[in-house]
Amino acid sequence: MSTQAKKPRVIERGTPVHRALVGAGLVLLVASTLWLGGLAPFEIGQVTRVMIFAIAIAGLNLATGYVGLLSVGHSAFFGIGAYTTGILMVKEGWEGWATIPVAFAISLVVGLLVGLPALRIRGLYLAMVTLAFAVAFPELVARFSGLTGGASGMTIPRTAMRPPEWTGLGLGEKYVWLFWLSVAVMAITFYVCWCLTRSRYGMAMSAVRQNEIAASASGVDIAVVKVASFGLSGAITGAAGSLFALYMGSLYAEGSFTLMAGITLLIGLVIGGERTVLGPIAGGLAVVYVPYYTADIGSGQSSAVLFALVLLFVIFVAPAGIVGSLAQLIRRRVVVRDPRPVVATDAASAVPETTPQPEHQLDRTSTPIERSRT
Amino acid sequence: MDILLSRVFAGATSGSVYILIALCLVIVFRSSSTINFAQGEFALFTAYITWWLTERGLNPWVAIIPAILIGFAMGALAERWLIRPVARRDETAVLIVALALFTGLNGLDGWIWGSDDKVFPRMLPSGENDFVEIAGARLYYDSMAIWAITAAIVFGLYLFFTYTSMGLQMRAVATNRQSAALSGVRVGRVLTLSWGLSSAISAFAGALLIPMVPPGQLGLTGMFHVLIFATAAALLGGLDSVKGAVVGGLGLGIGLALVNGYATFLGGSMSLTVALVVIVVILLVRPTGLFGARRLERV
């Protein structure tokens, strides 16, 4: 392309420059986490909320972003996780953090079940199924009111939220405990997502998204990829829901887990950037702070309008979302790649490198959307 | 017997409501092969306009006319400037545009008119004594009126699709877009008109159905459930069939009324869950619905 007159700078993996950059990044990450952990209670609460939504959106990203199974109904998984935590803490007297794996497991099972129709139902129709799932969830909560508290909601007693003794934190420092718990869950989630999407399985997910028939012909088991991705996706969102229950302390299905919540997650994903590991963080920031700062305008409804405009902007102008667009910009200047084997012959080294090699196999693949824009 | 009959009457009435919105989904699907997720929100927005005009002292039946015109314009503009540019890309983009319309319109309603519920004027007679008794069951006038209106709209659409040139062109575009274009049909204009037509019908239907579906008031969440039921009805009958929408809407309305009435173990208020099950089962077992045409796809 003529516009790319300037060749991007190439950094190879394993070189001192690369190691220094990764090290600096890690130090920056740890320092900023420590700094966030020392903020005032209200700010920590907001940051925790951002992380909870980032985890939930990261879950949605697996199914909707990477595999292309459009889901509007992840609010139901969020709710299932939250109610698992609520019920275990209120009825069984569990400690909050211990309920997260259970919420993960239950959401995984439900996710696998809801993912089953995805084998035959595609695109808009699948979105319709998840939409109905999201709308039906509050009704199911109301139906099993003995367990869930029904329409009057469920309140986790304040004393049950005491941080575990080994942390040395008192009841008043609940928010600090929750912050570090969310950091831990988020770190695990993002690391797993990063490894998963860069693995062989991640390539299979990408292949299923782009062309099912071609993927199947190449030996990808479509059924396994679709159902497992949807299950895992629901499970991660469920774990986020569990943290949300700890954060809120009280659960109302009609308030927190409606269709609108599911749409909010999807909006966060699209704005942050589908198929990017860090996109969910940008999405989480957007869905927490945009409503917060626009609460005074239009009796709290203006954020929905603003989100709609941003969505249209993303779809028409920057389909890769915030993080995806930033990554594209950076990649024009700097490219990170694996070291090349040294080629001895002069002929090979004489061949000029016309296009920078992408960082990873996955980055080379593109969707019909991306292709149509170039 | 009288309880059964009154449940059937109630079911047929809500079924008529589902038919009206299902028809809008069918008209859009026939032309552009997509489900318009924002259909319910189009209807809600125009219902707010109707309400606002009646608050200014207009008769509801007069206030509905500008609402229908605005509905038509909204549908046509949305198709031309938002849906069509991304339709070539893929379904995800179309869906996200529809979701943007969905949240945007809902937020706009709340922004302009506030999020508290409004008392919507009843456009049909619905007094205490406005009923006739049939075998002990009360059949209210407003139920009969909505049946008649639904029947009239269905008949009108039938005439439109069968006997007018534009109806013929719409069917041609629905059947095969490319051959329609080659035969001189201006496909773009047909698409725009069919979105406008469906949104105009949904504007009319929205004003009628707001008082008839629970909670009977104009609120921001009023259309979510209707959209789910209408989609279930449209899927049941086949997304591209007007006849299917009628049969599906009536079947779903009466079926749900009976299920809620008799299947007491469900707890009495599981309509949405039942609708969800209906949607999933239809899509799994018979994706084209009862009357839908099977579409062949070349890969």
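The chains referred to below are lettered A, B, ... by the order of the sequence lines, with proteins before strands, and numbering in each begins at 1. Hydrogens, waters and symmetry mates are skipped; everything else that's a heavy atom, side chains included, is used.
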Next item on the list: Starting at CD1 of B:Ile96, measure out to CD1 of A:Ile267 and round the result to the nearest 0.5 Å.
Entry: 10.0 Å
Next item on the list: Give, for atom CG of B:Leu284 and atom CD1 of A:Ile121, the distance between the pair rounded to the nearest 0.5 Å.
Entry: 4.5 Å
Item checked: Structural part of B:Thr34 lying under 4.5 Å from a heavy atom of chain A -> both
Checklist line | Contact origin within A:Leu309 toward chain B - heavy atom pairs under 4.5 Å | finding: neither
Item checked: Student check: side-chain heavy atoms of B:Leu283 and A:Arg120 closer than 4.5 Å -> no
Note to self: Return the CG to CG distance between B:Leu99 and A:Leu311, rounded to the nearest 0.5 Å.
What the structure shows: 7.5 Å
Notebook entry, point to check: Does some side-chain heavy atom of B:Arg89 sit less than 4.5 Å from a side-chain heavy atom of A:Ile315?
Noted result: yes
Check: Does some side-chain heavy atom of A:Met260 sit less than 4.5 Å from a side-chain heavy atom of B:Phe102?
Finding: yes
Check: Got a sec: does the OH of A:Tyr289 have more than 12 other heavy atoms crowding it under 6.0 Å?
Finding: yes
Next item on the list: Write down the atom of B:Gly107, the atom of A:Ala304, and the distance for their closest heavy-atom approach.
Entry: CA-CB, 3.7 Å
Next item on the list: Nearest 0.5 Å please: distance from the CD1 atom of B:Ile228 over to the CE atom of A:Met128.
Entry: 4.5 Å
Notebook entry, point to check: Considering only heavy atoms, which portion of B:Leu239 lies under 4.5 Å from any heavy atom of chain A: side chain, backbone, both, or neither?
Noted result: side chain
Next item on the list: Kindly write out the residues that satisfy ring pair (Phe, Tyr, Trp, His ring centres under 6.0 Å) with B:Phe120, not counting sequence neighbours, or none if the list is empty.
Entry: none
Next item on the list: Mind ranking A:Ser303, A:Ala308, A:Ala127, A:Gly68 by heavy-atom pairs under 4.5 Å with chain B and telling me who comes out on top?
Entry: A:Ala308
Note to self: As an exercise, state the distance from CG of A:Leu124 to CD1 of B:Ile35, rounded to the nearest 0.5 Å.
What the structure shows: 5.5 Å
Margin query: Does any backbone or side-chain atom of A:Leu259 lie under 4.5 Å from a heavy atom of chain B? Answer side chain, backbone, both or neither.
Written below: side chain
Item checked: Heavy-atom proximity to chain A below 4.5 Å, by part of B:Thr103 -> both
Margin query: If we define contacts as heavy-atom pairs under 4.5 Å, which of B:Ala98, B:Gly110, B:Ser115 has the most with chain A?
Written below: B:Gly110
Checklist line | Side-chain heavy atoms of A:Phe316 within contact of B:Leu82, under 4.5 Å | finding: yes
Note to self: Can you tell me which portion of A:Leu116 sits under 4.5 Å from chain B's heavy atoms? Options are side chain, backbone, both or neither.
What the structure shows: neither
Next item on the list: Report yes if the side chains of B:Ile282 and A:Tyr125 come closer than 4.5 Å at any heavy-atom pair, otherwise no.
Entry: no
Item checked: A:Gln301 and B:Leu220, any side-chain heavy atoms less than 4.5 Å apart -> yes
Checklist line | Between A:Val135, A:Thr258, A:Asn211, the one whose heavy-atom pairs under 4.5 Å with chain B are most numerous | finding: A:Val135
Next item on the list: Answer with side chain, backbone, both or neither: which region of A:Ile263 has an atom nearer than 4.5 Å to a non-hydrogen atom of chain B?
Entry: side chain
Next item on the list: Pick one of side chain, backbone, both or neither for B:Leu101, based on which atoms fall under 4.5 Å of a heavy atom in chain A.
Entry: neither
Item checked: Heavy-atom proximity to chain B below 4.5 Å, by part of A:Val305 -> both
Notebook entry, point to check: How long is the span from the CG atom in A:Leu131 to the CD1 atom in B:Ile279, to the nearest 0.5 Å?
Noted result: 8.0 Å
